[in-house]
Amino acid sequence: MNIHKGFDFSQLGGFPLNQQRLEYMQAAYTELSGALASVFNGNVILSGCIIAGLNVSDGWVVVNGEILPFLGSTTGTQTTFLVRETRTPILFKDGQNRNVQFSRFCQFGSGTGAIAWSSLTRLNSLLAISNHVNRVDNP
């Protein structure tokens with residue numbers, strides 16, 4: 001597998017898994033996600049978020065340079081949505097629970113930091129987009 005950061009886990013002998021190794025792996029996918037998000041200018045629907053009657057399907061969006069899942073709704077679109085975060089405590093070896101596991105997502109709602117639903121642009125397929133882009137080999 002060719003990736004920009006990784007480990008060869010096939011080696012025997014007891015891989016030294018520690019916080020530094022996990023941080024290295026997290027940095028790898030954080031960098032990749034950030035690079036992909038930077039391709040888009042503004043808030044974009046990558047997939048899903050399909051409106052059908054009073055339902056809006058789950059999907060994926062880019063909001064403020066971050067790729068996030070969007071949790072759909074059975075009550076139709078609202079005018080605003082929020083980026084939310086939940087934290088889950090994990091019991092450490094020292095007996096302490098720490099809120100280190102988190103999940104970020106978008107969901108319809110209002111309040112501080114609300115983002116207009118109308119700010120989202122739905123992307124065309126890459127095939128449709130490619131018809132409007134000059135290729136490197138044919139400027």
Does [X] use its side chain to pair, donor to acceptor, with the backbone of [Y] at less than 3.5 Å?
X	Y	value
Ser103	Thr86	no
Thr30	Gln26	yes
Arg84	Gly109	no
Asp58	Pro69	no

Can you measure from [atom1] ([X]) to [atom2] ([Y]) and round to the nearest 0.5 angstrom?
X	Y	atom1	atom2	value
Ile115	Thr79	CD1	OG1	12.5 Å
Cys106	Leu71	SG	CG	8.5 Å
Ser110	Leu82	OG	CG	7.0 Å

- Task: Please report the C-alpha distance between Val61 and Cys49 in whole Å, then the side-chain angles of each, then the deciding distance to 0.1 Å, and finally whether the side-chain contact (heavy atoms from CB on, under 4.5 Å) criterion is met.
- Result: CA-CA 9 Å; Val61 296; Cys49 300; 4.0 Å; yes
Would you kindly confirm whether [X] and [Y] end up in one hydrophobic cluster when ILVMFWY residues are joined by side chain heavy atoms under 4.5 Å apart?
X	Y	result
Phe40	Val83	no
Leu36	Val63	no
Ile45	Ile50	no
Met25	Ile90	no
Leu68	Trp117	yes

Heavy-atom side-chain proximity of [X] to [Y] below 4.5 angstrom:
X	Y	result
Asn43	Asn64	yes
Arg21	Pro16	yes
Thr77	Phe108	yes
Trp60	Ile67	yes
Phe70	Phe81	yes

- Start with the C-alpha distance between Glu66 and Ser33, add both sets of side-chain angles, then the distance that settles side-chain contact (heavy atoms from CB on, under 4.5 Å), and finish with yes or no. CA-CA 8 Å; Glu66 186 176 7; Ser33 178; over 6 Å; no
What's the shortest heavy-atom distance between [X] and [Y], and which atoms?
X	Y	value
Ala37	Gly65	CB-O, 3.3 Å
Gln96	Asp94	N-OD1, 3.0 Å
Thr80	Ala114	CB-CB, 3.8 Å

- Out of Leu120, Leu46, Thr121, which one pairs with Val62 under the side chain to side chain contact (heavy atoms under 4.5 Å, CB included) rule? Leu46
- Task: Would you sort out whether Leu17 and Leu22 count as a side-chain contact (heavy atoms from CB on, under 4.5 Å), showing the intermediate values?
- Result: CA-CA 7 Å; Leu17 187 61; Leu22 293 171; 3.7 Å; yes
- Message: Taking atom CG as the centre, does Asn18 end up with more than 12 heavy-atom neighbours from other residues, nucleotides or ligands that are less than 6.0 angstrom away?
- Response: yes
- Task: Count the heavy atoms of every other residue, nucleotide or ligand shown that sit under 6.0 Å from CD of Glu31, and state whether that count exceeds 12.
- Result: yes
- Before giving the answer on salt bridge (Lys or Arg N to Asp or Glu O under 4.0 Å), spell out for Arg87 and Glu85 the whole-Å C-alpha distance, their side-chain angles and the decisive distance to 0.1 Å. CA-CA 7 Å; Arg87 290 198 171 252; Glu85 181 174 297; 3.0 Å; yes
